[in-house]
Protein chains: 2
Amino acid sequence: MLESLDARISSLAKSKSQANGHKQSETTPKAERKNISEAPCSTCSAHAQAICADLKDQEMDEIARNIRTRLVQTGQSVYREYEEAKYLYTVVTGEIRLANLLDDGRRQVTSFKTAGEVLGEQKNGYYQSDAEAVCDTVVCQIPIKILEKYLQEMPAMQTALTAKVLSEIHELRHHAILLGRKTPIEKIATFLVDRAEKLGGKDSVEVEVMLTMGRNDIADFLGLTIETVSRTITKMKNLGLLEVPSNHSIIIKDMAELENLAEGEK
Amino acid sequence: MLESLDARISSLAKSKSQANGHKQSETTPKAERKNISEAPCSTCSAHAQAICADLKDQEMDEIARNIRTRLVQTGQSVYREYEEAKYLYTVVTGEIRLANLLDDGRRQVTSFKTAGEVLGEQKNGYYQSDAEAVCDTVVCQIPIKILEKYLQEMPAMQTALTAKVLSEIHELRHHAILLGRKTPIEKIATFLVDRAEKLGGKDSVEVEVMLTMGRNDIADFLGLTIETVSRTITKMKNLGLLEVPSNHSIIIKDMAELENLAEGEK
DNA sequence: CGATTGGTTGAAGCCCATCAAGTCGGGTGG
DNA sequence: CCACCCGACTTGATGGGCTTCAACCAATCG
């Protein structure tokens with residue numbers, strides 16, 4: 001079982017280096033940066049939000065020798081549930097979904113991870129979920145063994161990682177209320193508001209929310225069917241709360257009202 | 001807001017010491033142990049499962065000077081959401097529920113915590129949920145400030161706490177699948193199997209599962225109504241899977257079948 | 001231009017929530 | 001000791017909302 005997973009990951013690793021070698025895609029401009037000698041960590045677009053943000057130059061140099069970036073194409077997996085946990089990952093660009101499956105194929109997406117967020121939580125040495133790229137995505141990987149050493153030596157990193165983990169717990173709780181107690185319209189509203197908030201645009205009345213993922217991922221994230229997601233969005237569109245210029249973009253027309261809906265008020 | 005919460009917590013602290021002084025209840029035999037000079041941590045019934053389990057005697061003595069135990073009576077709260085997070089708690093005896101509320105009163109219980117488990121996760125310095133005693137419960141509290149110092153000095157504690165936190169994340173993910181994708185019967189089956197497992201009795205065919213909480217808490221934990229919980233349990237009873245000798249006890253008659261149900265097989 | 005993929009819309013049915021009544025048990029007081 | 005009460009749980013009847021199944025539509029691609 002685990003051996004086959006190991007085999008799978010090494011084959012993934014191969015396909016990755018092929019991907020890096022073959023194309024210089026303009027959608028993933030940093031894909032070709034395979035190690036740090038070509039482009040220092042300090043220029044990383046996710047640096048400011050990552051757990052290495054507050055480190056000293058000297059510490060960054062030390063870390064830079066041990067990390068690698070990796071391009072993960074749409075639909076490809078970074079790791080799978082029950083696979084041996086060897087790395088902690090940070091999203092550089094793109095988006096990753098964490099998902100768990102039931103035996104009959106039902107799926108629950110537990111989290112979407114964007115630039116600067118970490119993934120790779122383990123349970124007894126094995127990953128807890130499948131991690132798959134929602135769109136072409138670049139992740140930065142650091143071996144767990146090395147990370148543990150650094151955490152001892154670099155308090156700023158320990159602090160930052162602890163904050164990320166506590167934030168993860170908070171999001172999972174937040175999501176539990178959504179899954180267990182909210183109606184479809186409240187779920188969609190919460191999803192959109194949370195995403196707008198993540199992009200820092202919650203203050204304005206009108207915000208465009210980009211959706212890298214498809215309706216299927218949204219449905220599995222919110223515990224709904226794809227049809228209910230679709231119907232609910234059109235209902236909100238008809239109410240004048242949203243505009244939907246394309247499948248991957250939604251414009252919030254009335255943020256205040258959407259926030260009310262998200263919290264179940266009226 | 002926060003001041004009133006502080007007032008409330010200090011009044012709780014008072015009622016606690018009264019409770020300690022007045023009765024030597026047999027249901028909470030350790031309630032009278034207010035600090036460590038009266039009974040050393042090493043004799044604590046939760047010690048083996050707690051984050052202090054692997055510490056040296058000398059380290060235990062150090063910690064013992066800074067912790068306090070506290071009796072929390074049924075229905076009383078240990079802390080509330082948005083209250084300033086000053087302590088990390090460990091359950092000694094009894095059971096705590098973590099819950100979050102929507103504005104209109106809908107409630108989601110995100111976790112039940114039993115002996116040895118920790119609670120007190122914060123987000124930006126404030127607790128993330130309400131923590132309330134499901135039955136008379138004793139918790140051990142350590143100030144966050146002091147804990148942070150110890151974590152630096154005592155690697156065994158850091159390791160143990162990290163394991164608890166990762167386990168918490170795992171449980172929340174596990175619970176997300178349940179809330180988002182499982183049917184009522186699968187939810188109840190999962191709930192019972194998980195509880196049996198926690199008590200270490202999953203191997204035997206027939207196990208008695210004690211339920212300290214009421215149907216209401218179970219419903220809010222599983223994202224159901226109390227009626228559906230009740231109906232589902234009687235359905236399983238009629239199928240010969242369970243016996244229900246009292247409201248606070250369920251005997252699993254066919255563990256294997258229940259596990260199948262829990263995973264959605266057939 | 002057909003084929004495929006992803007999304008929307010429609011119709012029907014079932015499951016769960018809701019509302020309401022009934023039952024059980026534990027505790028209190030007369 | 002029993003009558004009573006109260007809270008917790010169970011059971012019943014009903015309706016609505018979500019899922020399911022199915023057809024349709026739009027965009028993308030070979």
Side-chain angles (χ1 to χ4, degrees), chain A residues 27 73-75 97 102 104-109 132 134-136 178-189 191 210-239 242-250 261 264, chain B residues 27 74-75 97 102 104-109 134-136 178-189 191-192 209-239 242-250 261 264:
Chain A
T27 61
Q73 291 175 303
T74 306
R97 65 169 173 257
L102 289 176
D104 62 2
R106 278 175 288 175
R107 187 178 70 144
Q108 179 65 49
V109 173
E132 296 156 339
V134 159
C135 56
D136 283 3
L178 179 146
L179 290 172
R181 288 304 181 205
K182 289 192 178 179
T183 64
I185 202 165
E186 290 164 357
K187 287 178 176 182
I188 298 281
F191 175 66
M210 298 303 296
L211 304 176
T212 53
M213 74 294 292
R215 297 289 187 268
N216 227 312
D217 287 338
I218 298 176
D220 285 345
F221 181 59
L222 300 180
L224 300 169
T225 61
I226 180 175
E227 293 95 333
T228 302
V229 170
S230 181
R231 273 187 254 267
T232 306
I233 288 176
T234 49
K235 187 191 293 180
M236 293 168 90
K237 192 172 60 179
N238 294 337
L239 287 171
L242 307 177
E243 272 176 22
V244 188
S246 87
N247 283 341
H248 293 285
S249 166
I250 287 185
L261 277 178
Chain B
T27 61
T74 306
R97 64 169 174 257
L102 289 176
D104 62 2
R106 278 175 287 175
R107 186 179 70 145
Q108 179 65 48
V109 173
V134 159
C135 56
D136 283 2
L178 178 146
L179 290 172
R181 288 306 182 203
K182 290 192 178 178
T183 65
I185 202 164
E186 290 164 358
K187 287 178 175 181
I188 298 281
F191 175 66
L192 292 174
V209 178
M210 296 304 295
L211 304 176
T212 53
M213 75 293 293
R215 297 289 187 267
N216 229 312
D217 288 338
I218 299 177
D220 284 345
F221 182 60
L222 300 179
L224 300 169
T225 61
I226 180 175
E227 293 95 333
T228 301
V229 170
S230 181
R231 272 187 254 268
T232 305
I233 289 176
T234 49
K235 188 190 293 180
M236 293 168 89
K237 192 173 61 180
N238 293 338
L239 288 170
L242 307 176
E243 272 177 21
V244 188
S246 88
N247 282 343
H248 293 285
S249 164
I250 286 185
L261 276 178

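Note that this is a predicted model, so its numbers are computed, not measured. Letters A, B, ... are given to chains in the order of the sequence lines, protein chains preceding strands, and every chain is numbered from 1.
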Visitor: Between C:dT9 and A:Ser230, is there an OP1 or OP2 to side-chain N/O distance shorter than 4.0 Å?
Guide: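 Checking A:Ser230 against C:dT9: no side-chain N or O falls below 4.0 Å of OP1 or OP2.
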Visitor: In whole angstroms, how far is the C1' atom of D:dT11 from the CE atom of B:Met236?
Guide: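 In whole Å, D:dT11 C1' and B:Met236 CE are 19 Å from each other.
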Visitor: Taking all non-hydrogen atoms of both residues, which atom of A:Leu224 and which atom of B:Arg181 are closest, and how far apart?
Guide: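 Distance-wise, the nearest heavy atoms are O-NH2, 2.7 Å.
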Visitor: Does B:Arg215 use its side chain to pair, donor to acceptor, with the backbone of B:Asn247 at less than 3.5 Å?
Guide: yes
Visitor: Write down the distance between CG (A:Asp220) and P (C:dG7), rounded to a whole number of angstrom.
Guide: 12 Å
Visitor: Report the distance from atom CD1 of A:Ile218 to atom C1' of C:dT8, rounded to the nearest whole Å.
Guide: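 After rounding, the gap between these two atoms is 14 Å.
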Visitor: Quick one: do the A:Thr225 and A:Thr228 side chains pair a donor with an acceptor below 3.5 Å?
Guide: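 Note: A:Thr225 and A:Thr228 side chains meet the donor-acceptor criterion.
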Visitor: What's the CD1-P distance between B:Ile188 and C:dC15, to the nearest Å?
Guide: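 Rounding to the nearest Å, CD1 of B:Ile188 and P of C:dC15 are 17 Å apart.
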Visitor: Are A:Lys182 and B:Leu102 packed together at the side-chain level, in the sense that at least one heavy-atom pair is separated by less than 4.5 angstrom?
Guide: yes
Visitor: How many whole angstroms separate atom CG of A:Leu211 from atom P of C:dG6?
Guide: 16 Å
Visitor: Indicate yes or no for a side-chain donor-acceptor contact from B:Thr74 to the backbone of B:Asp136 under 3.5 Å, with no hydrogens or angles considered.
Guide: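 Yes.
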Visitor: When the distance from CG of A:Asn216 to C1' of C:dG6 is rounded to whole Å, what number comes out?
Guide: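 The distance from CG of A:Asn216 to C1' of C:dG6 comes to 9 Å, rounded to the nearest Å.
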Visitor: So if I define the base as every atom that isn't primed, P, OP1 or OP2, how would nucleotides 17-30 of chain D read as a B/S/- string at a heavy-atom cutoff under 4.0 Å?
Guide: -SBBBB--------
Visitor: Could you state the CD1-C1' distance from B:Ile226 to C:dC19, rounded to the nearest angstrom?
Guide: 14 Å
Visitor: Spell out, as yes or no, whether a donor-acceptor pair under 3.5 Å connects the side chain of A:Gln108 to the backbone of A:Asp220.
Guide: yes
Visitor: Rounded to whole angstrom units, what separation is found between the NE2 atom of B:His248 and the C1' atom of D:dC9?
Guide: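 Distance, rounded to whole Å: 10 Å.
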